[in-house]
Amino acid sequence: MTFKNGLPHFAKGTVVKGFGRGSKELGIPTANFEPHIVKQLPPELETGIYFGWAQIDQGAVHKMVMSVGWNPYYKNMEKSMETHILHKFDEDFYGRQLRVCMAGYLRPEKDFTSLDTLVEAIRDDISQAEKQLEDPNFRNLKSSKFFDHGAQNAEH
Ligand SMILES: Cc1cc2nc3c(=O)[nH]c(=O)nc-3n(C[C@H](O)[C@H](O)[C@H](O)COP(=O)(O)O)c2cc1C
Ligand SMILES: Nc1ncnc2c1ncn2[C@@H]1O[C@H](COP(=O)(O)OP(=O)(O)O)[C@@H](O)[C@H]1O
Ligand SMILES: [Mg+2]
């Protein structure tokens, strides 16, 4: 297995407000990055859906799926990077630090005829991500030094 050109890509930044559609309309919240993080994406990383690992502050590293682009279904004006973390959180984390490792590419962004078909596609992305991240090449990235393992690792 080889990584796609430009991957893995690591990014960290503050979680900002989006349009509030992720959780309310879709039942799938996405933590949106600040625009300057989006601008740091290398040019070879095309828009589309990615999977990888994510961490909030010094928390656990979880699987994630990420949408990069203009959300054709909603026709956004500004390119975004939105991460859905595959973990149930008890509260929002706006303003906190999000670290992501983009490990693999799933598909280009698509337009959909209904919200239901968009949600179905995202569910499918999630199950693909769950599976692919078990591959040792992807799984190893979870313990990358890029993530903040805090005091646990500081003494070793
Ligand atoms: C895994 C994943 C795949 C997505 N795929 C698409 C897509 O193919 N087309 C699209 O228009 N939006 C796609 N979205 C983006 C949703 O439309 C987006 O999360 C929603 O607009 C929420 O935006 P907000 O954070 O600004 O509220 C995807 C989101 C995720 C998490
Ligand atoms: N599992 C999760 N993955 C991503 N964000 C989550 C998750 N659970 C809670 N959230 C919170 O939900 C927010 C995103 O919800 P969303 O409806 O997409 O709103 P917005 O348009 O402001 O991004 C995140 O910024 C975060 O604070
Ligand atoms: Mg969002």
Side-chain angles (χ1 to χ4, degrees), residues 3-4 6-42 44-135 138-139 141-142 144 146-149:
F3 284 100
K4 183 183 161 71
L7 294 180
H9 177 72
F10 298 89
K12 76 170 176 202
T14 307
V15 176
V16 296
K17 282 257 176 204
F19 294 102
R21 297 187 292 230
S23 53
K24 289 196 192 84
E25 271 196 43
L26 310 180
I28 303 165
T30 60
N32 296 37
F33 266 130
E34 307 159 283
H36 80 266
I37 305 294
V38 184
K39 293 194 184 95
Q40 285 165 10
L41 276 174
E44 64 268 29
L45 285 188
E46 58 198 292
T47 59
I49 315 309
Y50 291 81
F51 63 86
W53 300 99
Q55 179 186 43
I56 299 295
D57 296 333
Q58 292 190 351
V61 179
H62 298 289
K63 292 176 176 175
M64 65 80 168
V65 282
M66 181 193 282
S67 167
V68 177
W70 288 271
N71 298 353
Y73 181 81
Y74 289 104
K75 303 186 174 54
N76 285 358
M77 301 298 286
E78 203 170 352
K79 188 174 173 180
S80 67
M81 259 170 104
E82 307 178 12
T83 304
H84 173 62
I85 304 177
L86 305 186
H87 177 77
K88 175 90 182 73
F89 291 90
D90 293 331
E91 52 202 33
D92 284 351
F93 39 82
Y94 289 112
R96 310 259 297 269
Q97 172 122 287
L98 170 64
R99 284 180 161 84
V100 295
C101 167
M102 295 162 69
Y105 182 77
L106 288 171
R107 63 172 175 91
E109 286 188 291
K110 287 187 281 195
D111 198 353
F112 291 92
T113 49
S114 71
L115 206 55
D116 281 356
T117 49
L118 169 61
V119 171
E120 209 176 294
I122 298 177
R123 296 251 161 78
D124 189 59
D125 296 331
I126 292 171
S127 59
Q128 293 283 328
E130 292 271 13
K131 254 183 272 159
Q132 294 218 42
L133 285 164
E134 293 302 320
D135 179 303
F138 293 133
R139 193 157 184 96
L141 293 167
K142 184 181 181 179
S144 160
F146 164 77
F147 291 111
D148 189 343
H149 303 287

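Whatever order the structure lists them in is the order used to number ligands and atoms, beginning at 1.
Looking at ligand 1, you'll find an N or O of Glu82 within less than 3.5 Å of one of its N or O atoms. Considering backbone and side-chain N/O of Asp125, none are found under 3.5 Å from N/O of ligand 1. Polar contact with ligand 2: absent for Glu91 (N/O pair, distance under 3.5 Å). Between Phe93 and ligand 2, at least one pair of N/O atoms sits closer than 3.5 Å. Residue Thr30 has at least one nitrogen or oxygen atom sitting less than 3.5 Å from a nitrogen or oxygen atom of ligand 1, judged on distance alone. Note: an N/O pair closer than 3.5 Å links Lys110 and ligand 1 by distance alone. Polar contact check, Ile85 against ligand 2: a nitrogen or oxygen pair lies under 3.5 Å apart. Geometrically, ligand 2 and Phe19 share a nitrogen or oxygen pair separated by less than 3.5 Å. Note: an N/O pair closer than 3.5 Å links Gly18 and ligand 2 by distance alone. Checking only distances, Leu118 never comes within under 3.5 Å of ligand 1, N or O to N or O.
The shortest separation from a heavy atom of Ile28 to ligand 1 is not under 4.0 Å, leaving the residue out of contact. Using a non-hydrogen distance threshold of 4.0 Å, Phe112 registers as a contact of ligand 1.
At a heavy-atom cutoff of 4.0 Å, ligand 2 is contacted by the backbone of Thr83 but not by its side chain. With a 4.0 Å cut-off on non-hydrogen atoms, Val15 touches ligand 2 through its side chain and not its backbone. Using a 4.0 Å cut-off between heavy atoms, Ile49 contacts ligand 1 through its side chain alone, with no backbone atom that close. The side chain of Asn32, and not its backbone, has at least one atom closer than 4.0 Å to an atom of ligand 1 (non-hydrogen atoms only; side chain from C-beta on). The proximity of His87 to ligand 2, defined as any non-hydrogen pair under 4.0 Å, is limited to the backbone. If you look at Met66 next to ligand 1, there are no close heavy atoms at all, none under 4.0 Å.
Contact annotation: the side chain of Phe3 never approaches that of Tyr105 to less than 4.5 Å [non-hydrogen atoms, C-beta and beyond]. For the pair Phe10/Arg99, no side-chain contact is recorded, criterion being any heavy-atom separation below 4.5 Å from C-beta on. With a 4.5 Å cut-off on side-chain heavy atoms, Leu98 and Thr14 do not count as touching. A heavy-atom distance below 4.5 Å is not found between the side chains of Lys63 and Gln132. Side-chain contact check for Leu86 versus Leu133: every heavy-atom pair is 4.5 Å or farther apart. Side-chain contact check for Val38 versus Glu78: every heavy-atom pair is 4.5 Å or farther apart. Between Met64 and Met102, some side-chain heavy-atom pair lies under the 4.5 Å cut-off. With a 4.5 Å cut-off on side-chain heavy atoms, His84 and Pro29 count as touching.
Atom OG1 of Thr30 sits about 8.5 Å away from atom CD1 of Ile122, to the nearest 0.5 Å. Taken to the nearest 0.5 Å, the CH2 atom of Trp53 stands 14.0 Å off from the OG1 atom of Thr83. Atom NE2 of residue His62 and atom CD1 of residue Ile56 lie 8.5 Å apart, to the nearest 0.5 angstrom. Rounding to the nearest 0.5 Å gives a distance of 7.5 Å between CD of Gln128 and CG of Asp125.
Atoms of ligand 2 lying under 4.0 Å from any heavy atom of Lys17, numbered from 1 in the order shown and given with element: 22 (O). Taking every heavy atom of Val65 and a limit of under 4.0 angstrom, the matching atoms of ligand 1 come to 1 (C). Close approach of ligand 1 to Glu109 is summarised as follows: ligand atoms under 4.0 Å from at least one heavy atom of the residue are 8 (O).
Between the side chain of His149 and the backbone N or O of Ser144 there is at least one donor-acceptor pair closer than 3.5 Å. A donor-acceptor pair under 3.5 Å is absent between the side-chain atoms of Glu82 and the main chain of Asn32, judged by distance alone. Remark: side-chain polar atoms of Gln55 are paired, donor with acceptor, to backbone N or O of Asp148 under 3.5 angstrom.
Between His84, Arg107, Arg123, Met64, it is Arg107 that holds the heavy atom closest to atom 8 (O) of ligand 1. Between Ala54, Pro29, Gly95, it is Pro29 that holds the heavy atom closest to atom 4 (C) of ligand 2. Of the candidates Tyr94, Phe33, Phe89, the one placing a heavy atom closest to atom 22 (O) of ligand 2 is Tyr94. In the candidate list Ile28, Thr30, Asp92, Thr30 is nearest to atom 14 (C) of ligand 2, counting heavy atoms. The nearest non-hydrogen atom to atom 14 (N) of ligand 1, considering only Ala121, Pro108, Gly48, Ser67, comes from Ser67.
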Without placing hydrogens or testing angles, list every side-chain donor-acceptor pair under 3.5 Å for residues 44-52, not counting sequence neighbours.
from, atom 1, to, atom 2, distance (Å)
Glu46, OE2, Lys4, NZ, 2.6
Tyr50, OH, Glu46, N, 3.4
Tyr50, OH, Glu46, O, 2.6

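At least one N/O/S atom of Thr30, whether from backbone or side chain, sits less than 2.8 Å from the Mg ion (ligand 3).
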